[in-house]
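See below for the structure under consideration.
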Amino acid sequence: MAAMMQPQIILLKEGTDTSQGKPQLISNINACTAVVDSVRTTLGPRGMDKLIHDDKGNTTISNDGATIMKLLDIVHPAAKILVAIANSQDSEVGDGTTTVVLLAGEFLKEAKPFIEDGVHPRNLIRSYRIASYLAINKIKELAVSIEGRSFEEKKDLLQKCAATTLSSKLIGGEKEFFASMVVDAVMAIGQGDRLNLIGVKKVPGGNMRDSFLVKGVAFKKTFSYAGFEQQPKAFSDPKILLLNIELELKSEKENAEIRLTDPLQYQSIVDAEWNIIYDKLDKCVKSGAKIVLSRLAIGDLATQYFADRDIFCAGRVTEEDLQRVAAATGGTVQTSVNNIIDEVLGSCELFEEKQVGNERFNIFSGCPSGQTATIVLRGGADQFIEEAERSLHDAIMIVRRALRNSTVVAGGGAIDMEISRYLRQHARTIAGKSQLFINSYAKALEIIPRQLCDNAGFDATDVLNKLRQKHALPSGEGARYGVDINTGGITDTFANFVWEPAVVKINAINAATEAACLVLSVDETVKNPKSESAQGEAAASAMGRGRGGGPAFRGRGRGMRRR
Amino acid sequence: MRCVLLVLSRRVVRDNFVISKKEAFAGGSSAYNAKHKSRASNVQNFVLLFFFSLLFNSSGTVLISLSLKSPFFSTFSLLSMALAFDEYGRPFIILKEQEQMNRLRGLDAQKANISAGKAVARILRTSLGPKGMDKMLQSPDGEVTITNDGATILEQMDVDNQIAKLMVELSRSQDYEIGDGTTGVVVMAGALLEQAERLLECGIHPIRIAEGYEMASRMAVDHLEKISKTFEFSLTNIESLVQTCMTTLSSKIVNRCKRSLAEIAVKAVLAVADLDRKDVNLDLIKVEGKVGGKLEDTELVYGITVDKDMSHPQMPKRIENAKIAILTCPFEPPKPKTKHKVDIDTVEKFQTLRKQEQQYFDDMVQRCKDVGATLVICQWGFDDEANHLLMNRGLPAVRWVGGVELELIAIATGGRIVPRFQELTPEKLGKAGIVREKSFGTTKDRMLYIEQCANSRAVTIFIRGGNKMMIEETKRSLHDALCVARNLIRNNSIVYGGGSAEISCSIAVEAAADRIPGVEQYAIRAFADALDSIPMALAENSGLQPIETLTAVKSQQVKEGNPHYGIDCNDIGTNDMLQQDVFETLIGKQQQILLATQVVKMILKIDDVISPADY
């Protein structure tokens, strides 16, 4: 009796949600699978888009795994890992974000029956790690190097890679057009690491074929004052002065006050102020520059002053545009107009202001250093251009990656099938449980071609069997066969130029395996109650508890209160 | 069963829900089940049923009003997030506030999206063509707009549905790029969506449809290129440009004086055009309107009009060979920007200050006189003292002229904007042959005309009309005409209008479809059908038998191999657009087809719509 009266030991704060053990592991896996299901359909050239609309009224239409995962606003702790790997894939290689999420989900799904049967997760994790190590080595072995070819040839090959990435996107219809644009842009910035040298400008209107690449810098006309239209709008071989100061009539010092006792001195103060600004303007003109750009405002006085002297000026140019102009034209941004020497002035072959859609654009082309490129995107709707920008970003990243470690593998699920085959073969040489695990890892890899078929509406089992047969040919000639998205059969994807940089695949397999292992290694979640500072949340959750309801109640309570 | 239904339907009628018996039947079983519940829920059920049945078989207008609101869709397709359950059967919270998210996926999403897009297109359909009707739109604060310009209608409609918003943007981007054909592009997109819906029902993959459309659009654009004609124009020979602008204007409310308006538009564009660079800056054309007078009084001023009058009523109303000083500084004693204070401690000091101020005014006016200005235009105001002084010295002045107008005046008169009196020199003065103040009718409204300028590269179109709405609509129509003229200067290819180009493309695409293997063939054929919807809408709006007319024209085109046959909207008696002089710009037409295809592809590609729940 006494034992029963023993008070319960309260270890954690009230309201803490804990769950542990095998059921917890299973439920984590289930949660991840649910998330994967939401991006599943975006894979491949026949993948669909998601329209995500938040309560602020922003609409995003996207096919990019990372973007979708970000916008879904996932709060489940285990499922958040998937968001993290999608993001890491995005920042590391830029493409294959859907692939990585899909693979991680599939690894977990394959692990589930084993966990249910009582296999220790550590065993699984070890085997998965081995399998991923083997798979990556195999990819490296299979990869084809495009190093050592001529420039033209290389460019051609890079275009193929970019086209493969773009084929799954909204702009897939014009993939050749954009692929060559992307390759040109990346080639233009050379080996430089500074991706921000490629600017992407969005102008609604027109169709996507009206998009164009400027080998130089282009930016939208900035806010202008009266007098701007009188400035010349085209120059050849101008000198460009870049400034980071305001050219405006203003009080030189804050909080300063002038006291006059003699009214006759009044004029001298007025003159002094004017002289300061005139002096600045005069120095700009004397520098010989024909174009004056400033990150800060160029006022009406300055605008008219420059207009008077046939100089073009633009104020409030955004920081990154100014940096890009500086990089392209070889100028340096000045913070003072004193001592402007010729070396700090930039130059370009041609400057002009041009109408693009409804906007006027300042375009600098034929820049001496040539290390910048600007892509001006056109399209029917804002969402369209946004998505096009994301797609181009993927393609740019891919081309850069491919340029640096230039090995490619066959896409369209071919490489996945080949690794799968290899792993299965390897598994047979292992005695013990690990054979099963590596086999299931191999099976999980088949999800890529399977999903490609599913999304395209083909019979996945049929295609997969054909692929397995091809890949199992002892001669090894079938190693490059993947899904033929046009006919629903199989084809040598390498020969058809469906190429992916090897690094994308390596990174995807690595990240997905890591994520899967991470989820598998968790056996307890301790979820702290929401902090007190979030008053409403806490009250709502208290209400939920009071009614004995789960999270579902909590959510509804909140919703009602808001109304 | 039947008896129950009758009872139910009677009950519904009593509750003021007019619903036909047939529809009650359609939802029979669910209504029957609902019998056991409270009467309130019966009614609710019927409301829902009513919506359902409307969606499927009621007239278009009602559907529009309903389907534009996204919450409606969610009522019957509330598929919440794919739920996962843990070991206790509790759902996971995977997404933040997931119960409050609506989610539509798969075919449902596509169907819902398509019907939203179609609904928008249906609204605009009746505005197409010369016999198209106008829409009256009232903004939340009661302002009324009457227009048949597609972009304007959609802009003002305040659409809520996401897909409908895409259609709005589609129309807007046509407006930005081409300026004309904003209605046509939406109608085209609507037709494409309608065809796609049919194909989706056959089980064709949406992306295959989109790809087929894309192939077809390329064929159509190539075909347009083939049937297009270039025509010559020069500064003296503007007839062809005027004809094209007239086609644009003929669908507008101002079509009774389309000839004169078209001429005005063309002349204005030619005045500011840079023919070598093929660049036209429409900012240099100022469109000004004033209520009163007739539409016929609309005129083109080779110069600038400013809605201001002389600062002093006794100043001269007419100045010939004016030399204009354009100032952006006020007629006031200058003020330093730095905070300042003048300490006055004696009467003498005060008097010197007073005197100095007067001296300033005097200097300023004198300075203007010295450089030879006969008119001062100032961005800011001036003191009564200055005004008086200006009057006394016989120097007419205009005050509070906006920055944009000031700039245009400077461009037109070849003057420079002067920010400071000290900078005033004779070279910086603008020159105008005549500056006059003109008053209108019996009102006290006066405007300043600055004409016969040194450089006529800035012009003004001055619109008169019976009421404000009329003037606004005329402005929009003229904007369309100006854009057409600009496009022709950029690219002087034209195609024939009246739906003839679409019919010709339809025939070409249809023929090409047979040569394409695969599922795309269906999509291409559907594209050809969709192209027919434009002439069809034209015929419908003109009160002709749509199918009869279309088929007749189509067969005529095929028989005679002549792509000039279109719909005779104005009942002139011939349907040869060459004789009717109905032209449209080639780039405008191509853009329409490409843009519509692009947006349709985007809509078709969406299979998952995640949105916050109804608020």
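Naming convention: chains lettered A, B, ... in sequence-line order (proteins, then strands); numbering from 1 in each chain. Quantities reported herein were computed from a predicted structural model and do not represent experimental measurements.
In this model, a donor atom of one side chain and an acceptor atom of the other lie less than 3.5 Å apart for A/Y278 and B/E423.
When heavy atoms are compared at a cutoff of 4.5 Å, B/Y360 approaches chain A solely by way of its side chain, counted from C-beta outward.
For the set A/I269, A/D308, A/V356, A/L301, the count of heavy-atom pairs under 4.5 angstrom toward chain B peaks at A/D308. In terms of heavy-atom pairs under 4.5 angstrom with chain B, the leader among A/V270, A/L170, A/T33, A/I52 is A/L170.
Of the possible polar contacts, one joining the B/H205 side chain to the A/N455 backbone as a donor-acceptor pair under 3.5 Å is found.
Expressed to the nearest 0.5 Å, how far CZ of A/R46 lies from CD of B/E211 amounts to 4.5 Å. The CD1 atom of A/I171 lies 11.5 Å from the CE atom of B/M602; values are rounded to the nearest 0.5 Å. From B/L166, atom CG reaches atom CD of A/Q383 across 5.0 Å, with rounding to the nearest 0.5 Å. Between the CD atom of A/Q230 and the CD atom of B/E407 there is a distance of 7.0 Å, given to the nearest 0.5 Å. Here the NZ atom belonging to A/K50 is positioned 10.5 Å from the CD1 atom belonging to B/I606, to the nearest 0.5 angstrom.
The environment of NZ in A/K221 is crowded: more than 12 heavy-atom neighbours from other residues, nucleotides or ligands sit within 6.0 Å.
Comment: B/K601 does not engage A/D49 in a salt bridge, judged by the lack of any side-chain N to carboxylate O separation of less than 4.0 angstrom.
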